Protein chains: 2
Amino acid sequence: MSREESRGRPATDKVGTICRALRRAIIEQALEPGAKLPEDALGERFGVSRTIARHALGQLAAEGLVELRRNRIAVVATPSWQEARDAFDIRIELERLVVRQLAGRLTKAQIAQLHAHVDAEDSARNGPDPISIRLATEFHILLASMTESPILIRYVSEIAYRCCLTLSLFSRPHSSECAINEHRMLIDALAKGDAEEVISLMHHHLDSVANRALVAQSRPRGRDIMDILAPYAEPLRPHAKAAG
Amino acid sequence: MSREESRGRPATDKVGTICRALRRAIIEQALEPGAKLPEDALGERFGVSRTIARHALGQLAAEGLVELRRNRIAVVATPSWQEARDAFDIRIELERLVVRQLAGRLTKAQIAQLHAHVDAEDSARNGPDPISIRLATEFHILLASMTESPILIRYVSEIAYRCCLTLSLFSRPHSSECAINEHRMLIDALAKGDAEEVISLMHHHLDSVANRALVAQSRPRGRDIMDILAPYAEPLRPHAKAAG
DNA sequence: GGCTGAGAAACTGCATGCACTTTATATGCC
DNA sequence: GGCATATAAAGTGCATGCAGTTTCTCAGCC
């Protein structure tokens with residue numbers, strides 16, 4: 001960890017800056033799913049050229065936060081309910097790896113850091129939903145980052161952001177108390193070092209989050225018109241629109 | 001799966017074309033880890049401008065196949081032994097999801113397709129190593145693609161490619177017979193539908209592959225000089241080279 | 001009034017050009 | 001000859017410009 005600072009903040013990494021900004025805006029729902037992201041506007045806003053903005057959009061698309069359609073304006077991704085479910089399934093497995101690796105191996109400083117983060121979640125509890133959702137997400141990313149496994153960190157972050165995005169789509173007014181409590185229990189179990197217990201707690205926790213959010217395919221708020229109307233659609237005439 | 005063709009082959013997707021080509025070249029070891037990838041050369045080779053080549057490199061870097069250092073020529077990634085180990089750990093979990101979801105749910109056509117692929121692996125057995133490694137990797141990707149879960153497919157593909165890359169770094173002359181046999185057993189178990197058995201088989205299979213490749217930190221062939229020399233380094237003088 | 005279609009505006013796809021950084025080469029010095 | 005330094009070559013970082021596509025706007029028509 002000496003000369004490999006590669007992922008730090010290399011001098012003036014404009015693309016990275018824009019990515020971070022957009023990522024945050026998206027998970028805080030400042031940019032809702034479906035929101036348009038024209039290269040020009042982005043570039044102008046961040047004081048760079050379209051080239052850079054475009055590159056950043058490409059990265060975000062690779063992470064699944066942005067949808068890129070040829071010759072069309074990029075938009076914030078709107079995951080389907082099924083994709084959300086899949087994302088959570090994957091996330092559960094990945095975070096299982098995280099806690100398995102971390103159980104009983106955290107330093108005092110790290111445990112303090114985790115507690116501090118949950119404290120922050122606590123203070124934000126009565127604030128706007130998006131903020132507490134973001135903080136909850138970042139708790140998991142903080143956890144992952146303690147594994148010091150770059151690959152695991154990247155995947156957990158990515159999938160956590162994606163889940164965060166779907167939360168904003170499907171979740172009702174967010175109820176964060178229980179989640180915060182579960183975070184605290186998680187920390188305690190990690191400190192105690194009982195791997196089995198931690199894994200079970202994490203599984204239960206993520207399952208709860210997913211279920212609180214995705215129960216019964218709750219009305220997909222910003223979803224595509226075609227999907228929303230699907231149950232209402234009477235077969236008029238085989239109109240051969242997208243028959244392929 | 002009607003109007004969402006987004007990831008198909010949109011008209012003339014130059015970036016995607018270059019990505020696919022490079023990806024394949026990398027996992028077939030036509031481009032070894034550490035190989036330089038100058039934007040100019042790439043652009044010229046594929047008949048596009050640097051802009052496009054650059055964009056493609058960005059995507060591959062996001063996948064972990066390419067390393068991008070500011071102001072320096074991009075190179076094919078050289079994962080460390082630890083990263084390789086981590087990658088396989090993650091892969092095991094992801095592929096567990098795949099087979100869990102697939103057990104007992106494959107159509108006859110799909111099973112035939114899988115058998116056909118293994119047949120191809122068989123024919124390539126006496127050919128060059130890189131080809132059989134690639135085919136073995138693609139078997140797993142084929143499997144993943146049958147889940148029809150875009151997220152899972154993407155993650156499994158990505159991690160499989162990464163593992164494939166590390167195989168080329170650490171593996172001794174590749175011995176593929178057993179892997180092929182394990183693939184066949186996997187298909188049979190999937191067809192039979194015993195989820196537990198399939199999961200166990202897959203776990204064992206991937207573990208074997210990882211161990212065959214990564215035993216005892218076998219000499220990292222193309223690794224960084226500094227790492228190779230680390231065990232030999234005597235503390236000369238605190239030269240304050242990269243003390244930060 | 002509502003629908004259709006032509007033209008304008010807005011955007012993306014991509015190549016090219018210039019400034020700056022790194023790397024390779026050659027020169028001078030000891 | 002061996003090492004440091006200057007200089008050229010190669011390469012990246014980024015902005016800009018043009019062509020082609022999509023989307024918006026509004027006049028014309030039923």
Side-chain angles (χ1 to χ4, degrees), chain A residues 3-22 31 34-62 65-77 224-226 239 241-242, chain B residues 3-22 31 34-62 65-77 224-226 236-237 239 241-242:
Chain A
R3 77 212 124 73
E4 278 200 8
E5 59 163 10
S6 41
R7 282 297 167 97
R9 200 125 315 152
T12 158
D13 178 6
K14 313 212 185 193
V15 174
T17 306
I18 297 181
C19 279
R20 274 189 296 277
L22 285 183
L31 290 171
K36 293 183 180 178
L37 303 169
E39 297 172 0
D40 288 329
L42 255 46
E44 192 173 355
R45 183 69 193 78
F46 288 98
V48 298
S49 78
R50 269 202 321 120
T51 310
I52 307 303
R54 181 182 183 74
H55 203 91
L57 286 174
Q59 296 296 309
L60 260 18
L65 291 183
V66 159
E67 266 169 44
L68 239 40
R69 287 117 74 222
R70 190 179 175 81
N71 282 324
R72 282 192 176 68
I73 302 182
V75 295
V76 176
D224 188 290
I225 288 268
M226 300 302 281
H239 197 245
K241 183 172 185 182
Chain B
R3 80 211 123 72
E4 277 200 10
E5 58 161 11
S6 39
R7 283 296 168 99
R9 200 124 315 153
T12 158
D13 178 4
K14 313 211 185 195
V15 174
T17 306
I18 296 181
C19 279
R20 274 189 297 276
L22 285 182
L31 290 170
K36 293 183 180 180
L37 302 169
E39 298 173 359
D40 290 329
L42 256 49
E44 191 174 353
R45 184 66 193 78
F46 288 99
V48 299
S49 79
R50 270 201 322 119
T51 310
I52 307 303
R54 181 182 183 74
H55 203 90
L57 286 174
Q59 296 296 309
L60 291 171
L65 292 183
V66 160
E67 264 169 45
L68 240 40
R69 290 117 75 224
R70 187 176 179 85
N71 282 323
R72 282 192 177 69
I73 302 181
V75 295
V76 176
D224 188 289
I225 287 268
M226 299 302 281
L236 297 176
R237 214 180 338 171
H239 196 244
K241 184 171 184 183

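Letters A, B, ... mirror the listed sequences (proteins, then strands); counts begin at 1. This structure is a prediction, so every number in the text was calculated from the model and none was measured.
D/dA10 atom C1' lies 16 Å from atom CG of B/L37, rounded to whole Å. When rounded to the nearest whole Å, the span between CZ of B/F46 and C1' of C/dC14 equals 17 Å. As rounded to whole Å, 21 Å separates atom P of C/dC20 from atom CD1 of B/I73. Look at CG on B/L42: it is 18 Å from P on D/dA10, rounded to the nearest Å. Between the NE2 atom of A/H55 and the P atom of D/dC14 there is a distance of 9 Å, given to the nearest Å. Straight-line distance from the CZ atom of B/R69 to the C1' atom of C/dT23: 12 Å, rounded to whole Å. Regarding A/D40, its CG atom lies at a distance of 12 Å from the C1' atom of D/dT16, rounded to whole Å. Rounding to whole angstrom units, CZ of residue B/R72 and P of D/dA9 are separated by 22 Å.
Within the structure, every side-chain polar atom (N or O) of B/R70 is placed at least 4.0 Å from both OP1 and OP2 of D/dT12. Residue B/R54 places at least one side-chain N or O closer than 4.0 Å to OP1 or OP2 of D/dG13.
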Show the numbers, then the answer: is there a side-chain contact (heavy atoms from CB on, under 4.5 Å) between B/T17 and B/V48? CA-CA 11 Å; B/T17 306; B/V48 299; over 6 Å; no
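You'll find the side chain of A/L22 reaches within 4.5 Å of the side chain of A/L42, heavy atoms only. Residues B/V76 and B/L65 are not in side-chain contact: their nearest non-hydrogen atoms beyond the backbone lie 4.5 Å or more apart.
The shortest non-hydrogen separation linking A/V66 to A/A74 is CG1-CB, 4.1 Å.
Just one of B/R54, B/R50, B/R45 meets the salt bridge (charged side-chain N to carboxylate O under 4.0 Å, His left out) condition when paired with B/D40; it is B/R50.
When the nearest nucleotides of DNA chain C are assigned to B/K36 and B/I52 by heavy-atom distance, the more 5′-ward of the two goes with B/I52. Nucleotides of DNA chain D nearest to A/N71 and A/T51 differ in position, and the one nearer the 5' end is that of A/T51.
The side chain of B/K14 approaches C/dA15 more closely than any other nucleotide in the set C/dC11, D/dC14, C/dA15.
For A/R50 against C/dG13, a side-chain-to-base donor-acceptor contact under 3.5 Å is present.
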